[in-house]
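Below is one structure, written out as structure tokens; the observations come after it.
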There are 2 protein chains.
Amino acid sequence: MKVKEVVTIHSFDEEGALLPEEKETINRLTKLPMESLDLDAIAVVTNVYRMAQGLKNKMEREVLADYGLSWTSFSMLYDLWIGDSIETKKLAELAGVTKPTVSNITKTLERKELCYRKTGDRDRRATYVTITEKGRSVMEDLYPRFHQGEAEIASGLSVAEQKQVSALIRKVIKANDF
Amino acid sequence: MKVKEVVTIHSFDEEGALLPEEKETINRLTKLPMESLDLDAIAVVTNVYRMAQGLKNKMEREVLADYGLSWTSFSMLYDLWIGDSIETKKLAELAGVTKPTVSNITKTLERKELCYRKTGDRDRRATYVTITEKGRSVMEDLYPRFHQGEAEIASGLSVAEQKQVSALIRKVIKANDF
DNA sequence: TCACAATCGTTAGCTATGAAATGATAATAA
DNA sequence: TTATTATCATTTCATAGCTAACGATTGTGA
């Protein structure tokens, strides 16, 4: 009789701590003493990444798909909505992506007539990206729904817990210059 | 004289709360009462995503680039390292990506001779992916360095704070089925 | 002034990613 | 048994995203 194989990978208990099985497996494979494994750091990184991936997928499927926008496209259009006209370089910093990515995404947004690009007057090396009226109207429709999604995602936590998470993650972002 | 333009976009104070300027801008643009904006939810989602993006970039540049592995490739190879042989479907669930992505990534890993694919015996629809010796040896070299990166990233928080973050984020993941 | 360096954006070439369609196999119902 | 349905994985096609290389513009030092 065949025994069902159970594979335990990055599994956490209710407290968010790594399960003992995986601890032992890592220990066996790395041939390193378990004491040198920072299990809390593993849990932080793994869980944060997982949540980010989950919320990105949820938003793209449930909200942004209506306009065929990716998370980054939307985030960039949001920046333009708030800031009106922004240089490519700054857009890259704001969105946390490289400049070639900004080139690609603004090109796509431009094709959809949600923004347009224009060479800078003072410095002709710079390119300024500006949101169009159509872009504004898309955001007026989309943002409330996007925000509702955000609220849903965070609703499992109390307001106090939400503030706690933000403050702690903020600390990590600052310490690592993310 | 030209006044320098300052654009405030998704900027947070030390506590991780949205700055008042952006609050007002969103309010003006959405024409919705500020009370209906869940600012804490915005902060949670934005900060978590930002941290995830930052840590992904850091790891890919500082650790994974040596073997030309992406975050997902590495995470998948890790799963195979722990689990030895895993179906494509399960790999997708573990990594939180779609099956086509698994197809592509395992194809790349296979080209690098870090894993191989084999059709299932019982169910010939299924494909099992297995790590190779070379894959194991890459992980033995890479994992300690990857783990060091994780530890560095989380080191801005105390152990108690790390446990707190994990537990809270875990809660969100569970509530949203991420 | 002119050569050199710095800065900005894009292009080129690659992998990653998802939705939708396809192909193959297995399970189920008539 | 046969037809239908369900389940897997892959292919196709599009966008996203990186690094490296390039082209254009500006700044700087001799």
Side-chain angles (χ1 to χ4, degrees), chain A residues 49 52-77 86-112 114-129, chain B residues 49 52-77 86-93 95-112 114-130:
Chain A
Y49 191 83
Q53 201 170 21
L55 68 89
K56 175 177 185 281
N57 288 343
K58 177 192 167 77
M59 291 304 208
E60 290 186 342
R61 271 188 286 103
E62 298 181 5
V63 180
L64 306 179
D66 292 357
Y67 288 94
L69 293 173
S70 67
W71 174 278
T72 309
S73 305
F74 173 80
S75 128
M76 218 165 270
L77 196 58
I86 307 181
E87 315 96 283
T88 299
K89 182 185 167 62
K90 176 137 196 169
L91 271 180
E93 287 166 14
L94 288 170
V97 295
T98 60
K99 286 185 295 175
T101 298
V102 175
S103 267
N104 276 328
I105 292 191
T106 52
K107 202 182 297 172
T108 304
L109 289 176
E110 201 170 30
R111 205 180 322 125
K112 294 180 178 176
L114 303 180
C115 75
Y116 63 89
R117 290 182 289 180
K118 190 174 175 301
T119 302
D121 290 329
R122 288 167 298 183
D123 188 341
R124 294 173 45 76
R125 288 172 303 185
T127 299
Y128 286 81
V129 186
Chain B
Y49 191 83
Q53 200 170 22
L55 68 89
K56 173 176 186 280
N57 288 342
K58 177 192 167 80
M59 291 304 207
E60 290 186 343
R61 271 188 286 103
E62 297 181 6
V63 180
L64 307 179
D66 292 358
Y67 289 94
L69 293 174
S70 67
W71 174 279
T72 310
S73 304
F74 174 79
S75 128
M76 219 163 270
L77 195 58
I86 308 180
E87 315 97 284
T88 299
K89 183 184 167 63
K90 177 138 195 169
L91 272 179
E93 287 166 14
V97 295
T98 59
K99 286 186 291 176
T101 298
V102 175
S103 267
N104 275 324
I105 292 191
T106 53
K107 200 182 297 173
T108 303
L109 289 176
E110 201 170 31
R111 205 181 322 126
K112 294 180 179 177
L114 303 180
C115 77
Y116 64 89
R117 291 182 288 182
K118 191 175 175 301
T119 301
D121 289 331
R122 289 168 296 183
D123 188 341
R124 294 174 46 75
R125 288 172 304 183
T127 299
Y128 286 80
V129 186
T130 309

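In what follows, chains are A, B, ... by sequence order, proteins preceding strands, each numbered from 1.
- Among the heavy atoms of the strands lying under 4.0 Å from A:N104 is at least one base atom, whether or not backbone atoms are also near.
- For D:dC18, one of the phosphate oxygens OP1 or OP2 lies less than 4.0 angstrom from a side-chain nitrogen or oxygen of A:T101.
- Between the side chain of B:R125 and the base of D:dT7, a donor-acceptor pair under 3.5 Å is found.
- Taking five base pairs at each end of the helix from C:dT1-D:dA30 to C:dA30-D:dT1, the local helix axes there meet at an angle of 0°, rounded to 10°.
- Nucleotides of DNA chain D nearest to A:I105 and B:K107 differ in position, and the one nearer the 5' end is that of B:K107.
- Other residues, nucleotides and ligands place no more than 12 heavy atoms under 6.0 Å from the CZ atom of B:R124.
- Residue B:S73 has no polar side-chain atom (N or O) positioned under 4.0 Å from OP1 or OP2 of C:dT15.
- Applying the 4.0 Å criterion to OP1 and OP2 of D:dG17, one finds that A:T72 has a side-chain N or O inside that range.
- Between A:K56 and C:dG18 there is no side-chain N or O to OP1 or OP2 distance below 4.0 Å.
- When each of B:T98 and A:A126 is assigned the nucleotide of DNA chain C bearing its nearest heavy atom, the one mapping closer to the 5' terminus is A:A126.
- Applying the 4.0 Å criterion to OP1 and OP2 of C:dT17, one finds that A:S70 has every side-chain N and O outside that range.
- Taking atom CZ on A:R122 and atom P on D:dG27, their separation rounds to 11 Å, with Å as the unit.
- Contact check for A:T108 versus A:L114: no side-chain heavy atoms found under the 4.5 Å cut-off.
- Proximity of B:R111 to the phosphate of C:dT15: a side-chain N or O atom is located under 4.0 Å from OP1 or OP2.
- Within the 4.0 angstrom heavy-atom criterion, base atoms lie near B:K99.
- Under the ring-ring contact (aromatic ring centres under 6.0 Å, His included) criterion, A:Y128 pairs with no residue, sequence neighbours left out.
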